Amino acid sequence: MNAPHELPKNFDPAAFEMKWYRLHEEAGLFRPEAAPPGAEPYVIVIPPPNVTGKLHVGHALGRTLEDILCRWRRMEGRAVLWLPGVDHAGIATQMVVERNLAERTGQSRHDVGREQFLEICREWAAARRGDILNQIRRLGSSCDFSRTYYTLDEPRSKAVRHAFTTLYHQGLAYRAERMVNWCARCATVLSDLEVNHVEQSGLLWSIAYPLAEGSGEIVVATTRPETMLGDTAVAVHPEDDRYRHAVGKTVRLPLTDRTIPVVADPLVDPKFGTGAVKITPAHDPNDFDAARRHGLALVTVIGFDAKMTAAAGAGYAGLDRAEARRKVLRDLETAGLRRGEKTHVLPIGRCQRCDTVLEPLVSLQWYVKTGPLAEKAVAATDAGETRFVPELWKKTYDEWMRNIRDWCVSRQLWWGHPIPAWYCADGHVTVPAPGADDPSACGSCGSKNLTQDGDVFDTWFSSWLMPLSVVGWPEKTPDFSRFYPTTVLVTAFDILFFWVARMIMSGTWFDGRAPFAVVVIHGLVRDESGLKMSKTKGNVIDPLEMCDAFGADAVRFALAIQSGTGRDVPFGTSRIAPARAFATKVWNAARFALGMLHEGEPEASTIDYAALGTVDRWILARLSAAIAKVTASLENTRFDEAASALYAFFWSEFCDGYVEMVKPLFRDPGLPEAEKAKTRAVLHRVLLDSLALLHPFMPFVSCEIRDALAGDGDRLPVTRFPRAEPAWDDPLAVQTVETLRAAATRIRNL
RNA sequence: GGGAGGUUAGCUCAGUCGGUAGAGCGCCUGCUUUACACGCAGGAAGUCAUCGGUUCGAGUCCGGUACCUCCCACCA
């Protein structure tokens, strides 16, 4: 414990913020082991930031809210475990490393080869990992860094393998040939969630398909003329009189030498377009299904590189899909088969990562059968095992869970967890039992000639296990038994499906217990006028720059006080400046108080309540009310309410009210020292409690001042959180002082 | 096409159980009052989107309308 001391006149957060962080981290205060033995655990797993990324405002908000909860609960005596980690970010990392490689050496990943490329990825990721963790520290996040996880490390790899092999042997992981979302730029399949549907205005072309028997034609309408080269039928509605005569006949497929049948299918909407639809089973999900119903062949005319294949015909093979479209339209025009076009708005799927237009293609991939998992998850959330804050998100979650589709978990990338599946020359699949080693022979035919699947898992296939894997699952570690399930998850709504819903599935499926008791879903951080941040608008705010300019305390407070009921959070210098002003206010109030307190005996903390006057009783009553309000607000995860209550109490009541009222008292030479000592004790107590109350929100300035005041800045993170004192409730004193203050205002007006 | 949310001061947002509307920023007027000009003391400013209903009383509860936002969605 340091001796109480003076504070410098200038409030300079940079002078002490990181000093306190390092001191507390090194003292092990952020580890659950710092709590008294037997303390009830309080566990939060950090949503792991991508190793490719830099801490952005969204992270700053999430980490701030988590830290407020963790610091508060820690001060309440809970064994707080806040687990930090970093995500290996499959596609994102591979993209960055590939780009770097190309810029540096002009080589592609294929040029350097898989092993070499993975080594480069590993080195790059290792170099970046520390940065992002330090950025989390800069915000003051009181994580237990001794337990830091990485989604691609040994324990996490074990968990991924265990999960997949378990699901496989339960019949819930399977390999199937289906129509998938293919990104030709990333050269991988994507899950449905990774597709951005964007409405786009395009054209709907009408094309005539002549009847094979000679006279007549059927005009089909399409938005993708280039795929006609892969048509294997034309479909019309069974009840459509216009086309009834053609059903069962064949048409000549223009630009090819093929003839294709006309089939009747209720899927066709007679009112749309021409009422006749070309069927291209290899390039359209609906047509793929229709082909199954009618036993039609698949003709693949677009390849995984988004170029036309040999099957597209001599004139088209090798063309890019866009060039192919132009050529097809030109050639149809020449053949006299174009029948006009009209504008049409259609939803188009784009790659979430690189915005490339996705191609629906048929390919063989690994899937997780999500139905049974979703059912268990929903049963748990319905039973209240996990509560959503705000509650309305449960509806969105329920809705998604009800309509859930199987999850495509394989990716044609190199960077990620390898898929533990082996194939023999005959195509038999061998997946080891959970916990078993790599197979040495085919499980079906005994062949020793096995090749491991060359794909890796979707990054989310490691993330969805987080609450389990970070505490050692599937091993029954001491951490697992103590810290699973976790207490709270704080996250933005944009990963509700990607991450939150899937974690609930993995927890309930593999362990039986939901992975967290509460999910706190916050909004998006926007700029100070409420606009979405974007590079193009140039309104992106770097939280770390803001920490340097205003102090991390101010950044945190600004975020907390704006984060209302799960809604978007306006943020910017106009929001941070008032928060810094508040920190400065606290600083200066403390400087004043120190001056008063140090004139008398330093240990002036014993309050003789019965002997106190009205003003002292008033501020104690208000302090108690503030404590009650802050505590209740935190219990309801109303960070904005808690911060506002603190701000209003400290500024309006303590500084503008109490301090101004006691000033003349301290300066009155006629007043006996014993009288002053009573008020000094109250001043001391109010300030001490205020700083403790403030600590979860502004950990640094609160420590710096507590250290000056009581010499215990090093222990503040584990100092008891203030509790409301019912004995201080004094409505009469409150009313008297409030009447007095109102009267003062009236007099000043005169 | 389905679903969710929003509309309160110039701006960004609070508003608990229905009882005479609040904050921050901005604006105006005074203040170098020895903690603080990142401050102090005051002030102006709202038809609570709109229509109807319930009620002694509605920003708050119920129904409709308008506009805005977002999410989900394989129909050409």
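So that the names make sense, note that chain A is the first sequence line, chain B the second, and so on, each numbered from 1. Only a predicted model underlies this, so the values are computations on that prediction, with no experimental measurement involved.
Here the separation of A14(B) from G22(B), taken at their C1' atoms, is 7 Å to the nearest Å. As rounded to the nearest Å, U55(B) and C67(B) have P atoms that lie 32 Å from one another. Taking the C1' atom of each, U60(B) and U8(B) are spaced 12 Å apart, rounded to whole Å. Distance check on atom P: G26(B) versus G63(B) gives 41 Å, rounded to whole Å. Taking atom C1' on both U16(B) and C31(B), the two are 38 Å apart, rounded to the nearest angstrom. A distance of about 38 Å separates the P atoms of C56(B) and G43(B), rounded to the whole Å. Comparing A41(B) with G6(B), their C1' atoms sit 38 Å apart, to the nearest whole Å. Between the C1' atoms of U7(B) and U65(B), the separation comes to 13 Å (whole Å).
The residue Asp656(A) sits close only to the backbone: its heavy atoms come under 4.0 Å of sugar-phosphate atoms, none of a base. Using a 4.0 Å heavy-atom cutoff across all strands shown, Thr396(A) reaches no nucleic acid atom at all. Val220(A) comes within 4.0 angstrom of no nucleic acid atom, judged by non-hydrogen atoms across all strands. Nucleic acid contact for Ala577(A): none, since no nucleic acid atom lies under 4.0 Å from a heavy atom of the residue. Counting any heavy atom pair closer than 4.0 Å across all strands shown, Phe288(A) reaches no nucleic acid atom.
Between the side chain of Thr679(A) and the backbone N or O of Lys676(A), no donor-acceptor pair lies under 3.5 Å. With Asp231(A) contributing its side chain and Ala233(A) its backbone, the two residues share no donor-acceptor pair below 3.5 Å. Looking at Asn539(A), its side chain does come within 3.5 Å of a backbone N or O of Lys532(A) through a donor-acceptor pair.
The pair Arg353(A)-Glu194(A) does not count as a salt bridge, with every side-chain nitrogen at least 4.0 angstrom from each carboxylate oxygen. Residues Glu341(A) and Arg338(A) are paired through a salt bridge, judged by an N-O separation under 4.0 Å between the basic side chain and the carboxylate.
Remark: C61(B) base-pairs with G53(B); criterion is Watson-Crick or G-U wobble with both hydrogen-bond distances under 3.5 Å. Across all strands shown, U20(B) forms no Watson-Crick or G-U wobble pair with both key distances under 3.5 Å. The base-pairing partner of A45(B), taking Watson-Crick or G-U wobble contacts with both distances under 3.5 Å, does not exist among the strands shown. Nucleotide G1(B) forms a pair with C72(B), judged by Watson-Crick or G-U wobble geometry with both contacts under 3.5 Å. C40(B) and G30(B) make up a base pair, with Watson-Crick or G-U wobble contacts both under 3.5 Å. Across the strands present, U7(B) finds its partner in A66(B); the criterion is a Watson-Crick or G-U wobble pair with both atom distances under 3.5 angstrom.
Per the geometry, CH2 belonging to Trp499(A) stands 20 Å off C1' belonging to C71(B), to the nearest Å. Nucleotide U32(B) holds its P atom 19 Å from the CG atom of Asn588(A), rounded to whole Å. Here A41(B) presents its P atom at 11 Å from CE of Met661(A), a figure rounded to the nearest Å. Look at CG on Asp568(A): it is 16 Å from C1' on C11(B), rounded to the nearest Å. For Tyr647(A) and G22(B), the OH to C1' distance is 14 Å, given to the nearest whole Å. Regarding Phe592(A), its CZ atom lies at a distance of 14 Å from the P atom of C40(B), rounded to whole Å. Atom-to-atom, CG of Leu646(A) to P of A14(B) comes out at 20 Å; the value is rounded to the nearest Å. Between the CH2 atom of Trp400(A) and the P atom of A73(B) there is a distance of 9 Å, given to the nearest Å.
Distance from the side chain of Thr584(A) is smallest to C36(B) among C36(B), A73(B), C74(B). You'll find that the side chain of Ala581(A) is closest to G39(B), out of C72(B), C36(B), G39(B). The side chain of Phe497(A) sits closest to C72(B) out of U12(B), C75(B), C72(B). Out of C70(B), A4(B), A35(B), the shortest distance to the side chain of Arg667(A) is found at A35(B).
Where Gly530(A) and Leu392(A) meet RNA chain B, the nucleotide closest to each residue was compared, and Leu392(A) sits on the side nearer the 5' end. Two residues, Phe582(A) and Val195(A), neighbour RNA chain B, and the one matched to the more 5' nucleotide by heavy-atom proximity is Phe582(A).
Counting heavy atoms from C-beta outward, Leu524(A) and Val569(A) have side chains that stay 4.5 Å or more apart.
For A35(B), its base sits under 3.5 Å from the side chain of Glu660(A) at one donor and acceptor pair at least. One donor-acceptor pair, N or O on each side, does fall under 3.5 Å between the base of C36(B) and the side chain of Lys585(A). Checked by distance alone, Lys9(A) brings no side-chain donor or acceptor within 3.5 Å of a matching partner on the base of A35(B).
For A14(B), one of the phosphate oxygens OP1 or OP2 lies less than 4.0 angstrom from a side-chain nitrogen or oxygen of Arg567(A). The side chain of Arg580(A) places no N or O atom within less than 4.0 Å of a non-bridging phosphate oxygen (OP1 or OP2) of G24(B). Residue His197(A) places at least one side-chain N or O under 4.0 Å from the OP1 or OP2 atom of C74(B). Applying the 4.0 Å criterion to OP1 and OP2 of G15(B), one finds that Arg638(A) has a side-chain N or O inside that range. For the pair Trp651(A) and C40(B), the criterion of a side-chain N or O lying under 4.0 Å from OP1 or OP2 is met.
In this structure, Lys585(A) forms no cation-pi arrangement with Tyr647(A), as its terminal cationic atom is not both closer than 6.0 Å to the ring centre and no more than 45° off the ring axis.
Within 6.0 Å of CZ on Arg350(A) lie more than 12 heavy atoms contributed by other residues, nucleotides or ligands.
His522(A) approaches Gly62(A) most closely through the heavy-atom pair CE1-CA, 3.7 Å.
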